[in-house]
Amino acid sequence: MAPVASEPVIPGQRKKVNWSNIAVGAIMNMFEVTTLGQPFEVLKTQMAAQRGDSMATAVGKVWNRGGVLGFYQGLIPWAWIEASTKGGVLLFTAAEIENASVNALGVSPASAGLIGGMGGGICQAYATMGFCTAMKTAEITRHKQMEAGIKPPSTWAVFGDIWRREGIKGINKGVNAVALRQMTNWGSRMGFARLIEQMIRKSRGVGEDAKLGAVDKVVASSLGGALACWNQPIEVVRVEMQSMAKQTSVNRPEKMTIFNTLSYIYKENGLKGLYRGVTPRICLGAWQTVCMVSFADYVKVWVAQRK
């Protein structure tokens with residue numbers, strides 16, 4: 001989940017490389033996932049994997065798997081490992097790319113946000129997210145075995161089994177779909193957030209070098225996160241590729257790629273199936289962007305004041 005810089009980058013004002021952004025990104029991502037992030041993630045994954053479930057049905061199934069704790073499946077250790085690494089990678093990379101885009105290419109803040117978000121999303125996916133996302137999905141979907149009366153193995157047993165059977169490729173199954181999702185996720189989130197910030201500035205006559213109020217930043221971040229959910233089909237494809245739920249369809253590809261998985265879901269469930277889980281994902285996207293854009297700005301200021 002990628003933060004947007006506290007204020008838009010101004011042409012000609014080259015900032016020093018801020019290594020503390022790595023720590024800030026990790027801390028804020030841990031906060032995001034430990035609060036509302038993981039419950040929304042579990043619901044989104046449940047609906048994307050079981051595309052016939054309504055929101056109410058998905059909530060009921062997750063609750064039956066452990067009450068409140070059911071909504072935090074996969075949090076420890078995989079979501080914490082993922083959050084503590086990808087947040088830092090994304091915040092640092094996106095901020096540097098955004099800064100360079102404005103100063104070297106002379107692009108607008110919205111375009112710089114788009115470019116920075118795309119670059120940061122790709123970096124975090126391949127550097128840290130592949131195996132963690134795969135294992136989180138495995139942790140959530142393997143509980144389908146319990147519904148069939150089979151005792152599911154432990155998280156580390158699942159990890160070891162996948163490693164023995166498929167090696168590093170198995171652990172990183174679906175990483176290309178993750179990279180595509182993160183590139184479009186954060187390119188859209190940062191681009192939309194920057195664009196909305198510009199619209200707010202113009203409507204209120206606020207200069208580019210002036211800070212926006214907290215409410216304005218939260219509104220821009222929330223709308224940016226929600227609008228970025230246009231790419232939900234990529235997320236549904238990613239979940240299907242990484243799912244450990246028992247499959248009954250004979251049409252499911254044995255060796256799954258992004259494109260044959262997309263075709264399979266469309267044939268099985270139509271266009272609606274490609275957008276299953278979009279409601280909890282909109283909530284997740286808004287919360288992630290608020291945490292990693294608005295809240296992160298205050299943490300960065302706090303850190304800067306103590307240097």
Side-chain angles (χ1 to χ4, degrees), residues 33 36-75 78-79 82 129 132-155 158 161-162 170 173-175 177-178 180-181 185 229-285 287-288:
V33 75
L36 298 177
Q38 191 63 12
F40 286 138
E41 177 73 26
V42 169
L43 272 178
K44 176 195 70 175
T45 302
Q46 171 70 31
M47 294 182 71
Q50 301 296 309
R51 290 180 290 276
D53 288 358
S54 65
M55 174 70 83
T57 301
V59 170
K61 286 184 176 180
V62 173
W63 180 266
N64 290 336
R65 291 203 294 262
V68 174
L69 294 179
F71 290 91
Y72 286 89
Q73 286 175 342
L75 178 66
W78 305 113
E82 181 185 75
M129 284 186 69
C132 287
T133 303
M135 292 309 300
K136 279 197 306 178
T137 304
E139 176 71 14
I140 295 168
T141 58
R142 74 191 178 95
H143 282 264
K144 303 296 181 298
Q145 294 175 307
M146 293 180 65
E147 297 172 7
I150 303 171
K151 183 179 179 180
S154 69
T155 296
V158 172
D161 181 58
I162 295 174
K173 186 183 297 180
V175 70
V178 172
L180 184 60
R181 182 195 69 178
N185 264 1
C229 292
W230 62 267
N231 67 351
Q232 179 65 9
I234 300 172
E235 172 64 1
V236 175
V237 166
R238 192 273 306 171
V239 171
E240 184 65 34
M241 292 177 72
Q242 296 177 340
S243 176
M244 292 189 67
K246 184 179 180 180
Q247 304 297 330
T248 57
S249 176
V250 295
N251 298 320
R252 191 175 192 265
E254 184 175 344
K255 293 185 177 180
M256 307 191 84
T257 66
I258 292 175
F259 294 108
N260 68 18
T261 305
L262 181 70
S263 176
Y264 160 70
I265 295 171
Y266 181 77
K267 290 177 181 177
E268 292 285 309
N269 306 103
L271 185 62
K272 186 178 179 180
L274 291 169
Y275 281 90
R276 297 302 297 168
V278 72
T279 301
R281 185 156 180 252
I282 287 173
C283 298
L284 175 62
W287 178 240
Q288 287 176 344

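Throughout, numbering of the chain's residues begins at 1 and tracks the sequence. These numbers come from the heavy atoms of this one structure, side chains and all, not from hydrogens, waters or symmetry mates.
Between atom CG of residue Asn185 and atom SG of residue Cys229 there is a gap of 7.5 Å, rounded to the nearest 0.5 Å. Atom CD of residue Gln232 and atom CG of residue Leu274 lie 9.0 Å apart, to the nearest 0.5 angstrom. Summarising the geometry, atom CG belonging to Leu75 is positioned 10.0 Å from atom CG belonging to Leu69; distances are rounded to the nearest 0.5 Å. How far CG of Leu180 is from CG of Asn231: 8.0 Å, rounded to the nearest 0.5 Å. A distance of 14.0 Å separates OH in Tyr264 from OG1 in Thr257, rounded to the nearest 0.5 Å. For the atom pair CE of Met241 and CE of Met256, the computed distance is 7.0 Å after rounding to the nearest 0.5 Å.
Side chains of Gln288 and Arg281: no donor on one and acceptor on the other come within 3.5 Å.
For the pair Asn260 (side chain) and Glu254 (backbone), a donor-acceptor distance under 3.5 Å is absent. Under the 3.5 Å distance criterion, the side-chain polar atoms of Thr45 are matched with a main-chain donor or acceptor of Glu41. Using modelled atom types, one side-chain atom of Gln38 and one backbone atom of Gln73 make a donor-acceptor pair closer than 3.5 Å.
Side-chain contact check for Val42 versus Arg65: some heavy-atom pair is nearer than 4.5 Å. Using a 4.5 Å heavy-atom cutoff, the side chains of Met55 and Thr279 are in contact. Proximity of Tyr266 to Leu271: side-chain heavy atoms (C-beta onward) are separated by under 4.5 Å at one or more points.
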Working for side chain to side chain contact (heavy atoms under 4.5 Å, CB included), residues Val59 and Phe71: CA-CA 9 Å; Val59 170; Phe71 290 91; 4.1 Å; yes
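For Trp63, the side-chain hydrogen bond (donor to acceptor under 3.5 Å, both in side chains) criterion is met by no residue, not counting sequence neighbours. Residues passing the side-chain hydrogen bond (donor to acceptor under 3.5 Å, both in side chains) test with Thr57, sequence neighbours excluded: Ser54.
Shown here for Leu43 and Pro280, the closest heavy-atom pair between the two residues is CB-CB, 4.0 Å. Closest of all the heavy-atom pairs between Pro233 and Leu262 is CB-CD1, 4.5 Å. The minimum heavy-atom distance linking Val33 with Ala79 is given by the pair CG2-CB, 4.0 Å. Taking both residues in full, the closest heavy atoms of Gln46 and Ala58 are given as CG-CB, 3.8 Å, listed atom of the first, atom of the second, then distance.
By the 6.0 Å contact criterion, OH on Tyr72 is enclosed, its count of non-hydrogen atoms from other residues, nucleotides or ligands being greater than 12.
Checked for salt-bridge contact, Arg51 and Glu240 meet the test: a charged N lies under 4.0 Å from a carboxylate O.
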